[in-house]
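Notes follow once the structure below has been shown.
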Number of protein chains: 2
Amino acid sequence: MGKPRPSAPTISEVAAAAGVGRATAARTLGGYGYVSAEMRDRVLAAADALGYRTNQLARSVSTGVSHTIGVVVADISNPFFGGVALGISEVASARGFDALVLSTAEHLEEEINAVNVLVDKRVDGIILSSAACAADSTAHLQLPNEQGIPLVLLDRLIPGLDLDAVVIDNRAAARHATTELIAAGHSRIGFIWGPPVPDRIEYRRELVEAAGRNLWSDGERLTGYLDALDDAAIPLDLDHIMLGEKTEMRAYEAVTRMLALDAAPTAFFCTETDALTGTLHALRDAGLAIPSQVSIVGFDDSSWAAVMNPPLTMVRQPMLELGRQAAELLLRRIDSGAGDAEPPMQRELETEFIERESVAPAPTHR
Amino acid sequence: MGKPRPSAPTISEVAAAAGVGRATAARTLGGYGYVSAEMRDRVLAAADALGYRTNQLARSVSTGVSHTIGVVVADISNPFFGGVALGISEVASARGFDALVLSTAEHLEEEINAVNVLVDKRVDGIILSSAACAADSTAHLQLPNEQGIPLVLLDRLIPGLDLDAVVIDNRAAARHATTELIAAGHSRIGFIWGPPVPDRIEYRRELVEAAGRNLWSDGERLTGYLDALDDAAIPLDLDHIMLGEKTEMRAYEAVTRMLALDAAPTAFFCTETDALTGTLHALRDAGLAIPSQVSIVGFDDSSWAAVMNPPLTMVRQPMLELGRQAAELLLRRIDSGAGDAEPPMQRELETEFIERESVAPAPTHR
DNA sequence: CTGTTAGCGCATTCAG
DNA sequence: CTGAATGCGCTAACAG
């Protein structure tokens, strides 16, 4: 029964010091039940004389409520998830909840482990940005519900699973961005960060399938891009879609390769920050000027984008809002208790297209 | 005794189902003590038939160990703290610890509250980047130690307090950066993000004092800048130091103001990302080219800096390493228990000066 | 090796 | 209103 720490005073000790019964001390310290003013004062005095602090763990095992929520994301150092985490903790802490945040590095095993840990630590709810793409690798998402712990998905839906979720409208965002590029006169538009498929893809159908087997948000962005092309009756060129592993280096290579094509893209749509920086590197090394020779629009606005030369046109995601709404939804579920009244709901937030100066008419020749 | 959740199976239930005593079930499920193979199997079978999961909270109140550490930072959405948090959780989770992370928005009251919450939730240790600058506003930093909870300071020392800490060598970093600028021929170097003082400052001594009353890291960076000036026998020009509130907007205004000076800076050293973006905005609006007309070096390298036009010279902080080492130090303290053997130690990590293309010889005239 | 018994710190029921 | 007694789920001595 190791209690290695220097004796934190307990309720019993306070009660003794105040010369009252345990329960009375417990009531005043716990802020429930009836207790006379004099008693209360005695207890309070004794309490802070001893430096008493409630042991929330003990309280939690007794009440079954921990006032802690779990947050599992791919990488907390990613500014996107950082923003989301801030949004979550803003609303959570306003309601007296704290967040246990775990990073999974996009590994499903770590995600599974994270969920288990959170369940075992008896969090009151979980907000999770899952790396799972298909409904068959989602057994771990059932566990919380079985244990009566609300779960809300964040930023990524899982097709086939009807769970609470707060995401952004990736498809509309990508469609909008691509459409702007098309409106500027581009028809050869590089798409940086398609689904990471190992083998070469020959047909559009294969592409769509591959997208479906990967992260929902990525798939949606690709679909939005395809939508825009279809809208304008522009034929899809598979060589204009990066399909490799998602790293800045691979993006660099993909762009460099596309630039060497006969039908090289005159514009690029980058669906994430690393894709964008990789692309910018490639354009620089190729000696191409933005936007006179090639246009570009990125995803995930950051303060940097506005101070680039030229300032970059971006689609901004409401990261904080995403976190806030996820937390609000979760807290609502927690409040309503096991009464599974409401059916799961998915909320889709709008993005904002920020026009700056990295998009210009397509050059007539190169 | 509210237990709103759908009955998570307990050890007793498992024991009953397996037809063994509580303790036997507890031993096999808890992985301690002796238990025969057959018994173990029976218990394990019953356990996962019922979907048993250890209630870590209950275990924690019993053992006095929560396997949770607290992390309190100013803003988890800041990539710097995000990186730090990732470093922390890497080493923590490898050792079976999870992190409760709280953001304080740089407000002392929230920081105090955060520490209280963490103590009450009985975390095994705390890593904290304090907004407290002077030793007189640090009563809350005593609490954990009184309760036997190790605390390690992160990124910011508190002069006068001898606590465990892991920081970077801000002074050396700033000195180095400034020296490079001087070596390039600059003698009028704007320093963006000095201490936020309300009233105008007339003398160097006042400046140093003001710095001492503010965030340790900021003070150190300013001191390093001063060091470099002294090294080169360059007189300090107080008009070249931004003293206002630390926002991108104020940085923009400060730079704009400096640019209008007779003795306008020919180079800028920006001590944080927002300071840098504000400065870049101002330079652009002033129509000044980098580095031919003005040189610049920033703090906090990000992937963006390398793709700017021109690529920016930066001093990079080892964020992950900072987090990792803080976590390692903390875990060591946790391991060694209340045995306060070792005295507090401060570890100072080196930064890296990344030379790119935003520094050039000072223009001979403007 | 196993089961019984007693805590951990707090919440809560129930007589007084 | 108060306090004694019991329970939460788990750990941990201690006999058998």
Side-chain angles (χ1 to χ4, degrees), chain A residues 1-43 46-47 50-67 119-122 124 147-148, chain B residues 1-43 46-47 50-67 119-122 124 147-148:
Chain A
M1 219 172 304
K3 182 92 347 91
R5 295 216 228 298
S7 66
T10 76
I11 260 190
S12 305
E13 304 184 50
V14 173
V20 306
R22 267 190 224 304
T24 304
R27 276 190 288 259
T28 103
L29 264 11
Y32 59 92
Y34 300 97
V35 56
S36 66
E38 305 104 293
M39 292 267 107
R40 183 198 319 282
D41 291 345
R42 289 235 307 273
V43 172
L50 294 184
Y52 170 82
R53 305 234 99 228
T54 300
N55 181 334
Q56 299 290 356
L57 287 187
R59 167 142 40 207
S60 292
V61 11
S62 194
T63 59
V65 175
S66 62
H67 282 282
V119 168
D120 291 352
K121 289 203 174 173
R122 296 301 190 263
D124 294 330
Q147 307 277 327
Chain B
M1 218 173 306
K3 181 97 342 92
R5 295 213 228 299
S7 66
T10 76
I11 261 190
S12 305
E13 303 185 52
V14 173
V20 306
R22 266 193 226 309
T24 303
R27 276 191 288 260
T28 100
L29 263 12
Y32 59 91
Y34 301 95
V35 56
S36 64
E38 303 105 295
M39 293 266 107
R40 184 198 319 284
D41 291 346
R42 289 233 308 273
V43 173
L50 295 183
Y52 171 82
R53 303 237 100 226
T54 300
N55 181 334
Q56 298 290 355
L57 288 186
R59 177 177 303 197
S60 292
V61 10
S62 193
T63 59
V65 175
S66 62
H67 282 282
V119 168
D120 291 352
K121 289 203 173 173
R122 296 302 190 265
D124 295 330
Q147 307 275 326

### Task
Can you figure out which of C/dG3, D/dC10, D/dT11 approaches the side chain of B/Thr63 most closely?
D/dT11

### Query
Between C/dC8 atom P and B/Leu57 atom CG, what is the distance in whole Å?
19 Å

## Note on the structure
To the nearest 0.5 Å, atom CG of B/Leu50 lies from atom CD1 of B/Ile11 at 12.0 Å

## Note on the structure
Side-chain contact check for B/Ala23: nearest option of C/dT2, C/dT4, C/dG7 is C/dT4

### Message
Surrounding CZ of A/Arg40 (heavy atoms of other residues, nucleotides or ligands, distance under 6.0 Å), is the total greater than 12?
### Response
yes

### Separation of atom CZ in A/Arg122 from atom C1' in D/dC10, rounded to whole Å
11 Å

### Query
When the distance from NZ of B/Lys121 to C1' of C/dC10 is rounded to whole Å, what number comes out?
16 Å

### Task
Determine: side-chain N/O of B/Thr10 to OP1/OP2 of D/dC8, distance under 4.0 Å, yes or no.
no

### Task
Look at the side chain of A/Asn55 and decide which nucleotide, out of C/dG9, C/dG3, D/dC10, has an atom nearest to it.
C/dG9

#### Entry: Presence of B/Tyr34 side-chain N/O under 4.0 Å of C/dG3 phosphate oxygens OP1/OP2
no

What's touching nucleotides 14-16 of chain C from the protein side, N or O pairs under 3.5 Å?
none

### Message
Counting distance alone, no hydrogens or angles: does the base of C/dG7 have a donor or acceptor under 3.5 Å from a partner atom on the side chain of B/Ser62?
### Response
yes

## Note on the structure
OG1 (A/Thr28) and CZ (A/Arg42) are apart, to the nearest 0.5 Å, by 11.0 Å

### Query
Between D/dC1 atom P and A/Arg42 atom CZ, what is the distance in whole Å?
16 Å

### Query
Once you round it to whole Å, what is the distance between P of C/dG3 and CZ of B/Arg40?
14 Å

### Query
Just wondering, do A/Asn55 and A/Thr10 contact through their side chains at under 4.5 Å, heavy atoms?
no

### Message
Treating B/Ser62 as the side-chain partner and B/Ala58 as the backbone partner, does any N or O pair qualify as donor plus acceptor under 3.5 Å?
### Response
no

### Query
Under 4.0 Å between a side-chain N/O of A/Arg22 and OP1 or OP2 of D/dG3, yes or no?
no

### Query
Hey, is the side chain of B/Thr24 poking within less than 4.0 Å of OP1 or OP2 on C/dG3, counting only N and O atoms?
yes

### Summary
CZ (A/Arg122) and CD (A/Gln147) are apart, to the nearest 0.5 Å, by 6.0 Å

### Test item: A/Lys121 side-chain N/O and B/His67 main-chain N/O as donor-acceptor pair under 3.5 Å
yes

### Query
Within the structure, does a side-chain N or O atom of A/Tyr32 lie under 4.0 Å from either OP1 or OP2 of C/dA11?
yes

### Message
Counting only side-chain heavy atoms from C-beta out, which of C/dC10, C/dG9, D/dT2 sits nearest to A/Ile11?
### Response
C/dC10

